[in-house]
Amino acid sequence: MMTTETKTAGIQSLQMGLNILEILAMEKEPLKFTDIQNRASMTKSNLYKYLSTLSQFGLINRNPHTNMYTLGHKLVQLGNVALGQTSLIEVVIPYFKKITEFTNLTVLLAVPTIKGPFISYILSADYGINIGAQMGTHLPLSSSTGVVFSAFEKDVHRKEWEVEELSKFNENELRQFQNEKEKTRQLHFASKTEPLIMHVSSFSVPLLNFNHELLGAITIVGITETVPNSADHSIGQYVLNIAKEISEYYGFVK
């Protein structure tokens, strides 16, 4: 007996409305009516109806002085509710399981505090090694996580720990650190050989939100021979892609 594959039909008008929201989001700046029309390929009469309806629900806003359109306050409210329904730890747990299965290495989640990177979650690999840190501890500036936090943290109140630790560096160490920091900004990847304990190395990648603010960092830890020190490595690329996916959940666009 032959079977016919069925697909769930979408609501075309809803799809059109969501497309308008996506156009405004991607441009990142106010748009004129004609700008939206050109991008949406809609007639003036139809577009006017969509914009009017979206405005009524607070999903878009029209500036009465410039007649320019932007995303509305209602989206901010909905976004905050969505983000508030799940903590960062809850979001990363399934991803961390994938990372440990792919790499057989330990994964840490570090979040920003005024005392520096704070380990809030650890998923250990099958084998046990002393990584030199545990949940509830802070990581030093000299660690791969510390470099990531230095490169991406914007909150001045959370930068005081960095100033204090940098005061302990000599001139050569400062120069080397600044080079590492700049490279990390470009690659979204920092690695350290034996940063915490002998024969244990790590690499770290940032988690960012829609405003390019640091949410935390994913840090991979293991025996030095098993931890890549390059973003081009297959493991590095795998973790970078996961970090990108998590960041996009929080609205990040590179």
Side-chain angles (χ1 to χ4, degrees), residues 79 83 86-100 102-103 105-123 131 133 135 137-163 165-166 176-193 195-196 201-222 227-254:
L83 293 178
T86 53
S87 70
L88 182 58
I89 293 178
E90 291 173 321
V91 171
V92 304
I93 284 176
Y95 291 100
F96 277 28
K97 290 179 179 177
K98 290 181 180 179
I99 292 173
T100 55
F102 184 82
T103 67
L105 297 168
T106 295
V107 192
L108 315 177
L109 172 67
V111 297
T113 72
I114 60 173
K115 295 182 180 180
F118 177 83
I119 301 177
S120 61
Y121 182 71
I122 297 178
L123 186 59
I131 62 173
M135 283 180 59
T137 60
H138 291 88
L139 295 171
L141 185 62
S142 58
S143 67
S144 63
T145 315
V147 177
V148 164
F149 272 57
S150 175
F152 292 96
E153 180 60 75
K154 295 180 179 180
D155 190 334
V156 294
H157 299 294
R158 293 176 179 167
K159 298 285 278 185
E160 293 179 2
W161 69 277
E162 178 183 349
V163 174
E165 292 208 29
L166 284 174
Q176 180 181 350
F177 181 81
Q178 291 301 327
N179 290 337
E180 290 176 344
K181 183 174 176 179
E182 184 58 35
K183 187 177 179 180
T184 299
R185 282 200 182 113
Q186 296 172 5
L187 300 178
H188 285 219
F189 182 96
S191 66
K192 284 287 187 178
T193 302
L196 303 174
S201 295
S202 69
F203 74 82
S204 185
V205 299
L207 299 173
L208 305 169
N209 67 10
F210 65 97
N211 208 25
H212 289 215
E213 295 167 332
L214 185 69
L215 297 172
I218 298 175
T219 299
I220 310 300
V221 186
V227 177
N229 58 9
S230 168
D232 296 328
H233 191 281
S234 59
I235 290 178
Q237 284 296 304
Y238 184 82
V239 177
L240 279 168
N241 286 333
I242 282 184
K244 180 174 180 287
E245 190 171 337
I246 296 172
S247 295
E248 287 174 346
Y249 173 82
Y250 288 95
F252 173 76
V253 177
K254 192 170 183 180

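Everything numeric in this text was worked out from a predicted model, so none of it was measured.
- Judged purely by atom type and a 3.5 angstrom limit, Arg158 has no side-chain atom pairing as donor or acceptor with the backbone of Thr113.
- Side-chain polar atoms of Ser144 and Ser202 form a donor-acceptor pair below 3.5 angstrom.
- At least one donor-acceptor pair under 3.5 Å links the side chain of Asp155 to the backbone N or O of His157.
- A donor atom on one side chain and an acceptor atom on the other are found under 3.5 Å apart for Thr145 and Thr219.
- Looking at every heavy atom in both residues, Trp161 comes nearest to Ile114 through CB-O, 3.7 Å.
- The minimum heavy-atom distance between Val221 and Val227, with the atom names listed, is C-CG2, 4.1 Å.
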* Begin with the C-alpha distance, continue with both residues' side-chain angles, and end with the deciding distance and a verdict on ring-ring contact (aromatic ring centres under 6.0 Å, His included) for Phe189 and Phe203. => CA-CA 7 Å; Phe189 182 96; Phe203 74 82; 4.9 Å; yes
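- Within the 3.5 Å criterion, the main-chain N or O of Lys159 finds no donor-acceptor partner in the side chain of Glu153.
- Side chain of Glu165 to main chain of Glu162: no donor-acceptor pair is present (N/O by atom type, distance under 3.5 Å, no hydrogens or angles).
- Ionic pairing of Lys192 and Glu180 is present here: one or more N-O contacts between side-chain nitrogen and carboxylate oxygen are shorter than 4.0 angstrom.
- To the nearest 0.5 Å, the span separating CZ on Phe102 from OG on Ser234 amounts to 5.0 Å.
- Ser150 places no side-chain N or O within donor-acceptor distance of the main-chain N or O of Gly146, the cut-off being under 3.5 Å.
- His188 places no side-chain N or O within donor-acceptor distance of the main-chain N or O of Val148, the cut-off being under 3.5 Å.
- Residues Ala110 and Phe149 come closest through the heavy atom pair O-CZ, 3.5 Å.
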